[in-house]
Amino acid sequence: MEKGRAMYYWNTTFRIDSVKERFIGEHRIERLYVRYFDVVMTDGKPLPNATILFDSAVSCKQEIVPTVFIHNECMRERHEGLAEKLLGRLLQMNETHQIGKVNEIQIDCDWTQTTRQNFFAFLGELHAMTKDKGITLSATIRLHQLSQPVPPVDCGVLMVYNTGDATKIDVEKPILDINDVTPYLKHLKSYDLKMVSAYPIYKWDIVFRNGKFVDIMHEEGEVPMLETDTIVTREPALHDILECKKAVGKSKPDCLNEIILFDLNNYNINRYKPTDYEEIFD
C-alpha cells in the first residue's frame, strides 16, 4: 500500500506557483498542513498573530489541514472560550477563502510539564467541539513530549526535527541527528496515540560571534553582522532523514503511514533531487 504524502506550508502568504505545483504533482502530494495563524500573548490575552494571506485561489486538489501554532506562554493559565474562538476563526477563514470541507484541524504547541494541564484542558474542549462537527483533531508531538501523558486528540504527528542545540557552534547536526533521536524512541513504542511522522528539508544559516550564538538568519541581511562574525550552514543530509525515518518506523510502524515534510517553499524543495524525495516518501 502506498504511504500518504504530505507537506507543511509554513508561510504568511499562501501562493502555489509553478515550482510548487510541479513538485506537488511530481511527488503526488495529497495533503497540505497549512499554518493559518499563531496564537501569542498580547496585552495579557491569547490573540491571533501572523495570519496567512491567501494570495492564490485554493483550487489545488490536495486536502488542506488548517494548522495553528500556539505559543507555550499562552498555556501558563486557563483562558475561557479560547477553543471556541480558535475553531470559529478557522472555519470562518475556510469559508471566506472557499477552501471547502475541513476534515482535520491540527494544533502545534511546544507544551511542557508546567503547561501540560492547561493545554490538555484546552484540547479537551476543542476536541468536544470538533467531534461534534465530524472533524478530526490532531496535535504535533515533539520527541521530548513522548515521555509525558498522551494529549486528548484523535491522532498526532511526531516531529522528527530540531533535535539538537543550534546555539552551540560545535553541534554539527542541530536539525536532525540519529544520536539525538534514538534515546526518545524507547517511549514511542508504548505511546498510545495513532501517529504519522514529519521530517525536515530546510537549512539554517546560523550567525556566531566569537564562537557564541547570535541568531538564525532566514534571509540575507536579516541579522546585523560584524566582519568577524561567522555564518555556519546546517542542513540534514538525505541519509540523516532516511536513518531517522527507519528508526521511527521500527519503533512504531504506523508512523510511516503518512510522511510529512517541513516545509513547502521553493528553496527547500530544490534542495534535494526528485529521486531523493521519492526515497523519503516511499
Side-chain angles (χ1 to χ4, degrees), residues 4-40 42 46-71 74 85-109 126 130 133 135-140 157 159 161-162 198-205 215-223 235 258-272 274 277 280-281:
R5 298 165 172 229
M7 300 290 293
Y8 276 107
Y9 191 101
W10 217 260
N11 204 305
T12 49
T13 303
F14 186 84
R15 184 181 295 123
I16 302 295
D17 59 18
S18 59
V19 176
K20 295 183 190 76
E21 201 168 350
R22 187 169 64 249
F23 179 88
I24 286 169
E26 187 174 357
H27 298 291
R28 305 186 302 286
I29 305 299
E30 300 158 348
R31 277 149 65 92
L32 296 177
Y33 292 78
V34 179
R35 187 207 64 87
Y36 273 39
F37 54 87
D38 299 343
V39 178
V40 302
T42 309
L47 293 173
N49 184 54
T51 299
I52 196 167
L53 170 71
F54 285 95
D55 192 40
S56 295
V58 188
S59 57
C60 52
K61 298 169 189 164
Q62 288 65 42
E63 180 187 347
I64 301 287
V65 179
T67 302
V68 176
F69 175 65
I70 299 180
H71 284 230
C74 298
K85 286 175 190 167
L86 185 145
L87 181 60
R89 193 170 201 265
L90 284 178
L91 296 178
Q92 181 61 58
M93 286 176 69
N94 259 44
E95 195 178 320
T96 301
H97 300 289
Q98 300 174 330
I99 288 164
K101 187 176 182 297
V102 180
N103 297 316
E104 180 181 339
I105 282 169
Q106 186 167 110
I107 301 297
D108 178 25
C109 179
L126 185 59
T130 53
K133 293 182 180 296
I135 298 171
T136 297
L137 179 64
S138 64
T140 54
V157 174
M159 289 173 55
Y161 47 90
N162 296 3
Y199 302 88
I201 55 168
Y202 54 88
K203 76 175 175 74
W204 281 339
D205 289 324
D215 209 344
I216 295 173
M217 186 158 60
H218 299 288
E219 52 187 64
E220 204 174 327
E222 185 185 37
V223 179
E235 59 186 310
E258 180 179 69
I259 300 296
I260 313 170
L261 298 184
F262 190 96
D263 71 310
L264 183 69
N265 74 46
N266 294 5
Y267 298 109
N268 291 344
I269 61 183
N270 286 320
R271 185 160 289 121
Y272 302 92
Y277 282 111
I280 295 168
F281 281 125

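In this text, all values refer to a predicted model and were calculated from it rather than measured experimentally. Both backbone and side-chain heavy atoms feed into the values below; hydrogens, waters and symmetry mates do not.
Counting heavy atoms from C-beta outward, Phe281 and Ile29 have side chains that approach closer than 4.5 Å. Between Thr136 and Asn103, every side-chain heavy-atom pair lies at or beyond the 4.5 Å cut-off. His27 is not listed as a side-chain neighbour of Ile269, based on a closest heavy-atom distance of 4.5 Å or more. Taking the side chain as every heavy atom from C-beta outward, Ile280 and Leu261 approach each other to under 4.5 Å. When side chains are defined from C-beta on, Arg35 does not count as touching Asp108, because their heavy atoms never get closer than 4.5 Å. Residues Lys20 and Leu264 are in side-chain contact: their nearest non-hydrogen atoms beyond the backbone lie under 4.5 Å apart. The side-chain heavy atoms of Phe54 and Tyr36, taken from C-beta on, include a pair separated by under 4.5 Å. Residues Val102 and Leu90 are not in side-chain contact: their nearest non-hydrogen atoms beyond the backbone lie 4.5 Å or more apart.
Looking at Asn268, its side chain does come within 3.5 Å of a backbone N or O of Asp263 through a donor-acceptor pair.
Atom CD of Glu222 has more than 12 neighbouring heavy atoms from other residues, nucleotides or ligands inside a 6.0 Å radius.
Here CG of Asn94 is found 4.5 Å from CD1 of Ile99. Values are rounded to the nearest 0.5 Å. Note: Ile24 CD1 to Met7 CE = 8.0 Å, rounded to the nearest 0.5 Å. The CZ atom of Phe14 sits 10.0 Å away from the CG atom of Asp55 when rounded to the nearest 0.5 Å. Between the CZ atom in Phe37 and the CE atom in Met93 there is a gap of 6.5 Å [rounded to 0.5 Å].
The aromatic rings of Phe23 and Tyr277 lie perpendicular to each other, with more than 60° between the two planes, well past the 30° mark. Note on ring orientation: taking the six-membered ring where Trp is involved, the planes of Tyr202 and Tyr161 are perpendicular (angle over 60°, cut-offs 30° and 60°).
Tyr8 pairs with exactly one of Val157, Val34, Val65 by the side chain to side chain contact (heavy atoms under 4.5 Å, CB included) rule, that one being Val157. With respect to Glu63, the salt bridge (Lys or Arg N to Asp or Glu O under 4.0 Å) criterion is satisfied by exactly one of Arg31, Arg5, Lys101: Arg31.
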